[in-house]
**Student:** 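Supplied in structure tokens, the structure appears directly below.
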Amino acid sequence: MFKVPFLDRDLMRDANAKGGAGPDGLGNLPEWDLSDLYTSEDAAELNRDLAWLEDECVSFATDYEGKLADLDAEGLLACVLRNEKINSIAGRIMSFAGLRYYQMTTDADRAKFMSDMQEKLTVFTTPLVFFTLEINRIEDATLDAHFATNTDLARYKPIFDRIRAMRPYQLSDELEKFLHDLGVVGDAWERLFDETIAGLTFDVDGVELNIEGTLNLLTEQDRTKREAAARELARVFAENIKIFARVHNTQAKEKEIVDRWRGMPTPQTGRHLSNHVEPEVVEALREAVVAAYPKLSHRYYELKRKWLGLDRMQVWDRNAPLPMEATRTVDWEEARSTVMDAYSAFDPRMGDLAEPFFDKGWIDAAVKPGKAPGAFAHPTVTDVHPYVMLNYLGKPRDVMTLAHELGHGVHQVLAADQGEMLSSTPLTLAETASVFGEMLTFRKMLENATDKNERKILLAGKVEDMINTVVRQIAFYDFECKLHAARAEGELTPDDINALWMSVQAESLGEAFDFMEGYETFWTYVPHFVHSPFYVYAYAFGDGLVNALYSVYAEGADGFEEKYFDMLKAGGSKHHKELLAPFGLDASDPTFWDKGLSMISDMIDELEAMED
């Protein structure tokens with residue numbers, strides 16, 4: 001079935017915000033113009049595409065079902081191209097429906113429209129289930145011969161490789177069609193989660209906020225506001241915890257059943273396969289990060305405890321600004337120029353690629369009631385363009401989120417020439433351009449720092465972001481691993497899940513922290529656990545990869561910019577080993593991750609040196 005492949009960002013820093021109208025003085029915030037997809041839910045073009053899709057799926061099945069193994073290379077290429085067009089039309093429809101929904105998740109008509117489109121497309125595409133199943137039955141020698149005789153078909157070999165990686169876990173045709181149809185039921189649980197989160201209200205000092213407005217207060221200079229927000233989050237999460245526990249129990253059980261029928265050796269196997277990454281590479285990343293907790297998060301938060309003048313840190317101090325940090329609002333024009341200057345200084349082509357996002361309705365930045373929390377970049381389809389969603393409140397960290405999401409957008413634009421099936425990157429590589437864009441923006445800001453104090457604030461902010469991206473996400477991954485293992489043994493109570501959450505928090509954050517009563521419920525609002533199990537390690541993978549990549553750039557490697565653009569243009573057409581080889585990097589090398597983690601450690605060294 002077709003799902004909208006949004007690249008979520010909202011829990012990387014888990015403090016970007018939404019709630020009410022937001023602060024004044026932000027300037028003219030852009031909104032999406034979705035007319036490049038369709039002008040409305042009643043558009044004639046949309047009805048035309050739905051009718052075409054319904055007919056073409058039936059026609060495709062009539063022409064090819066039971067026949068793929070007998071096709072010659074030219075015939076198989078024609079089949080692949082027709083399948084690619086089906087994917088493109090379906091992707092356009094679901095992109096439009098999904099983007100409208102995320103603009104206002106509490107709107108019943110938008111929710112119904114997205115659900116109706118999802119159900120229609122699921123029904124239409126059920127006849128196509130045979131396609132991947134029959135590809136997996138073609139003999140290796142036959143496919144190799146086809147690739148050797150037809151270079152246009154050979155270009156799609158990475159797609160065939162990914163499809164065929166599922167061969168050991170493939171079920172009967174009948175069961176695969178059943179699971180395809182049943183997918184809309186799982187989506188209903190995701191929608192319940194989204195709508196519950198978006199509908200939560202929090203009362204902080206007499207002001208009613210939604211979740212991101214409340215999370216935003218955790219970055220306030222006033223400690224009493226941070227504490228009030230944290231306690232109100234805990235109160236509301238506790239009131240709704242039965243719903244969240246039910247969603248997690250159901251989703252994890254559904255996954256366990258499907259994995260068991262498929263013969264998946266671990267709950268993580270499916271994610272590794274979709275990410276086109278070897279389990280041992282992910283485990284090497286995890287082990288490197290966990291081993292680095294003491295020299296990264298533990299050491300940094302001990303520094304921060306001293307800066308804040310506290311005997312013990314509380315959870316509401318984790319994302320607190322430094323005492324010497326002035327509270328200021330960055331208006332939209334300043335945010336735009338900061339990011340654009342950094343992008344263009346790296347390479348003018350990067351600035352040229354980013355500019356249309358600001359001027360052509362490709363960004364939705366304003367805070368609005370009912371809007372989905374956080375931020376994401378969505379690639380839509382390769383013959384349109386990406387869309388970026390923010391909840392911009394003028395925090396300095398919001399500028400970094402803009403740099404991050406714009407990096408996704410630039411990557412998606414560059415990869416579009418690969419076509420619908422080859423443009424999409426695995427999650428592990430999807431974070432490359434986004435994190436690199438952040439790093440460029442950070443380095444530009446650091447270069448422009450006017451004194452030691454400003455440099456310290458920038459360094460500390462970047463270290464916190466990297467800890468949230470690497471350490472916190474690996475802790476999230478460990479939580480998920482424990483959650484799915486425990487759910488396989490039986491139903492989990494809210495207290496059971498709370499205990500699993502707390503089992504990873506102290507280990508990752510260190511001795512500087514105390515944990516307030518109620519913090520054990522903070523697993524409830526992480527959308528990745530529901531939408532994309534085990535997604536979170538991709539953030540740590542991407543950050544470590546980019547840190548290593550940036551080290552090569554900083555060393556003045558010859559032709560780096562051209563190699564970098566070539567990597568982004570490749571989209572999903574190459575394996576991570578092939579993409580990194582031109583830079584002299586290899587993610588399967590156990591020392592690779594240490595190279596990336598050492599960049600964070602070096603920044604903490606500099607911060608410690610400033611204390612002398």
Side-chain angles (χ1 to χ4, degrees), residues 11-16 218-221 223 226 230 285-325 395-397 400-401 404 435 438-439 442-443 445-446 449 452-478 504-515 519 522 536 539-540 542-544 546-548 550-551 593-612:
L11 270 298
M12 288 270 297
R13 297 193 177 92
D14 57 356
N16 290 320
L218 297 178
T219 63
E220 286 291 320
Q221 189 69 258
R223 194 173 189 233
R226 299 199 305 269
L285 163 66
R286 182 202 164 274
E287 289 177 358
V289 173
V290 172
Y293 284 172
K295 70 176 183 180
L296 300 181
S297 50
H298 297 187
R299 186 161 61 116
Y300 173 74
Y301 287 128
E302 182 58 27
L303 262 180
K304 186 167 186 176
R305 181 190 65 77
K306 294 175 183 176
W307 293 334
L308 294 174
L310 300 172
D311 292 328
R312 301 285 296 164
M313 293 260 282
Q314 301 293 333
V315 291
W316 55 80
D317 299 316
R318 184 171 60 83
N319 283 326
L322 303 188
M324 71 290 290
E325 187 174 343
K395 296 274 186 179
R397 285 179 172 176
M400 299 306 288
T401 299
H404 179 101
V435 178
E438 275 191 85
M439 184 63 77
F442 164 70
R443 291 293 179 182
M445 294 168 72
L446 196 65
K452 178 181 175 181
N453 197 54
E454 186 178 355
R455 184 177 181 86
K456 180 178 181 178
I457 291 168
L458 286 169
L459 276 171
K462 185 59 178 171
V463 167
E464 288 196 19
D465 286 346
M466 294 167 103
I467 286 173
N468 282 337
T469 306
V470 177
V471 169
R472 191 157 169 77
Q473 300 304 318
I474 290 299
F476 282 0
Y477 177 65
D478 280 350
V504 303
Q505 292 301 305
E507 178 189 20
S508 62
L509 295 178
E511 292 296 321
F513 280 93
D514 286 334
F515 297 95
Y519 182 68
F522 274 45
V536 289
Y539 288 128
D543 198 87
V546 167
N547 288 347
Y550 194 87
S551 296
W593 301 112
D594 293 332
K595 186 178 181 72
L597 294 171
S598 67
M599 180 181 287
I600 309 175
S601 185
D602 289 347
M603 289 183 183
I604 301 173
D605 288 345
E606 184 175 347
L607 287 168
E608 286 182 334
M610 288 180 178
E611 298 302 291
D612 298 337

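Note that the structure is predicted; figures quoted are calculated from it, not measured. Note: hydrogens, waters and symmetry copies are ignored here, and every other heavy atom, side chains too, is used.
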**Student:** Minimum heavy-atom separation for V471 to S297, with atom names?
**Tutor:**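 Closest approach of V471 to S297, heavy atoms only: CG1-OG, 3.7 Å.
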**Student:** Which pair of non-hydrogen atoms, one from E611 and one from L303, has the smallest distance, and what is that distance?
**Tutor:**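 Smallest interatomic distance, heavy atoms only, reads CG-CD2, 3.9 Å.
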**Student:** Could you walk me through whether M466 and R472 pass side-chain contact (heavy atoms from CB on, under 4.5 Å), step by step?
**Tutor:** CA-CA 9 Å; M466 294 167 103; R472 191 157 169 77; over 6 Å; no
**Student:** Run the side chain to side chain contact (heavy atoms under 4.5 Å, CB included) test against E606 and tell me which residues pass, sequence neighbours left out.
**Tutor:**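 Counting only residues at least two positions away or on another chain, E606 forms a side chain to side chain contact (heavy atoms under 4.5 Å, CB included) with R455, L459, M610.
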**Student:** Applying salt bridge (charged side-chain N to carboxylate O under 4.0 Å, His left out), can you list everything that pairs with R443, at least two apart in sequence or on another chain?
**Tutor:**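 Residues passing salt bridge (charged side-chain N to carboxylate O under 4.0 Å, His left out) with R443: none at all.
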**Student:** Compare every heavy atom of V463 with every heavy atom of M603, then report the nearest pair and how far apart it is.
**Tutor:**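 Where M603 meets V463 most closely, the heavy atoms are CB-CG2, 3.6 Å.
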**Student:** Can M445 and E454 be said to form a side-chain contact (heavy atoms from CB on, under 4.5 Å), step by step?
**Tutor:** CA-CA 10 Å; M445 294 168 72; E454 186 178 355; over 6 Å; no
**Student:** Is E511 salt-bridged to R305, cutoff N-O under 4.0 Å?
**Tutor:**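 No.
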**Student:** Apply side-chain hydrogen bond (donor to acceptor under 3.5 Å, both in side chains) to E325 and list each qualifying residue two or more places apart in sequence or on a separate chain.
**Tutor:**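 Checked E325 against side-chain hydrogen bond (donor to acceptor under 3.5 Å, both in side chains); zero matches.
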**Student:** Among residues at least two apart in sequence or on other chains, which ones pass ring-ring contact (aromatic ring centres under 6.0 Å, His included) with Y301?
**Tutor:**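 Listed in chain order: F513.
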**Student:** Restricting to side chain to side chain contact (heavy atoms under 4.5 Å, CB included), what partner residues turn up for D514, sequence neighbours left out?
**Tutor:**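 Result, side chain to side chain contact (heavy atoms under 4.5 Å, CB included) vs D514: R312, Q314.
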**Student:** With no hydrogens and no angle check, just 3.5 Å: does a side-chain donor-acceptor pair link R299 and S601?
**Tutor:**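 Side chains of R299 and S601: pair found under 3.5 Å.
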**Student:** Will you find, in the side chains of R397 and N319, an N or O donor that is under 3.5 Å from an N or O acceptor?
**Tutor:**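 Side chains of R397 and N319: pair found under 3.5 Å.
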**Student:** Who passes side-chain hydrogen bond (donor to acceptor under 3.5 Å, both in side chains) against S598, sequence neighbours left out?
**Tutor:**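 Not a single residue meets the side-chain hydrogen bond (donor to acceptor under 3.5 Å, both in side chains) criterion with S598.
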**Student:** If the condition is side-chain hydrogen bond (donor to acceptor under 3.5 Å, both in side chains), which residues does Y300 pass it with, not counting sequence neighbours?
**Tutor:**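 With sequence neighbours excluded, Y300 shows a side-chain hydrogen bond (donor to acceptor under 3.5 Å, both in side chains) to E464, given in chain and number order.
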**Student:** Just to verify, what does E507 make a salt bridge (charged side-chain N to carboxylate O under 4.0 Å, His left out) with, not counting sequence neighbours?
**Tutor:**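 For E507, no residue satisfies salt bridge (charged side-chain N to carboxylate O under 4.0 Å, His left out) once neighbours in sequence are set aside.
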**Student:** To the nearest 0.5 Å, how far apart are NZ in K304 and CG in L322?
**Tutor:**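 These two atoms lie 6.0 Å from each other.
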**Student:** What's the separation between atom CD1 in I600 and atom NZ in K462, rounded to the nearest 0.5 Å?
**Tutor:**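 That separation rounds to 9.0 Å.
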**Student:** For P323 and Q221, work out which heavy atoms get closest and say how close.
**Tutor:**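 Answer, listing the atom of P323 first, then Q221: CA-OE1, 3.9 Å.
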**Student:** Rounded to the nearest 0.5 Å, how far does NE2 of H298 lie from CD1 of I467?
**Tutor:**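 NE2 of H298 is found 9.5 Å from CD1 of I467.
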**Student:** Please name the pair of heavy atoms, one in E220 and one in P321, separated by the smallest distance, quoted to 0.1 Å.
**Tutor:**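 Where E220 meets P321 most closely, the heavy atoms are O-CD, 3.3 Å.
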**Student:** Just jot down the salt bridge (charged side-chain N to carboxylate O under 4.0 Å, His left out) partners of D478, sequence neighbours excluded, or say none.
**Tutor:**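 Only R286 meet the salt bridge (charged side-chain N to carboxylate O under 4.0 Å, His left out) criterion with D478.
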**Student:** With sequence neighbours left out, what residues match Y293 under ring-ring contact (aromatic ring centres under 6.0 Å, His included)?
**Tutor:**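 By the ring-ring contact (aromatic ring centres under 6.0 Å, His included) rule, Y293 matches no residue at all.
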**Student:** Under the side-chain contact (heavy atoms from CB on, under 4.5 Å) rule, what do N468 and R318 come out as? Steps first, then yes or no, please.
**Tutor:** CA-CA 10 Å; N468 282 337; R318 184 171 60 83; 2.8 Å; yes
**Student:** By side chain to side chain contact (heavy atoms under 4.5 Å, CB included), which residues pair with A292, not counting sequence neighbours?
**Tutor:**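 Residues passing side chain to side chain contact (heavy atoms under 4.5 Å, CB included) with A292: K295, L296, L597.
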**Student:** How long is the span from the CG atom in D543 to the CG atom in N547, to the nearest 0.5 Å?
**Tutor:**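 So the CG of D543 and the CG of N547 are separated by 4.5 Å.
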**Student:** Strictly by modelled atom types, are K395 and T219 linked by a side-chain donor-acceptor pair under 3.5 Å?
**Tutor:**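 A donor-acceptor contact under 3.5 Å links the two side chains.
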**Student:** State whether the number of non-hydrogen atoms from other residues, nucleotides or ligands found under 6.0 Å of D311 atom CG is greater than 12.
**Tutor:**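 Not more than 12 within 6.0 Å, no.
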**Student:** Is the backbone N or O of D317 less than 3.5 Å from a side-chain atom of R223, with the two atoms forming a donor-acceptor pair by type?
**Tutor:**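 Checked: no pair found.
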**Student:** Quick one: are L509 and F515 in side-chain contact, heavy atoms under 4.5 Å?
**Tutor:**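 The answer is yes; the side chains approach within 4.5 Å.
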**Student:** Write down the atom of T469, the atom of Q473, and the distance for their closest heavy-atom approach.
**Tutor:**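 That would be O-CG, 3.0 Å.
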**Student:** In terms of side-chain heavy atoms, does E287 have a donor or acceptor partner in W593 at a distance below 3.5 Å?
**Tutor:**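 No.
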**Student:** Show the numbers, then the answer: is there a side-chain contact (heavy atoms from CB on, under 4.5 Å) between H404 and M439?
**Tutor:** CA-CA 9 Å; H404 179 101; M439 184 63 77; over 6 Å; no
**Student:** Which residues satisfy the salt bridge (charged side-chain N to carboxylate O under 4.0 Å, His left out) test with D594, sequence neighbours excluded?
**Tutor:**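 None.
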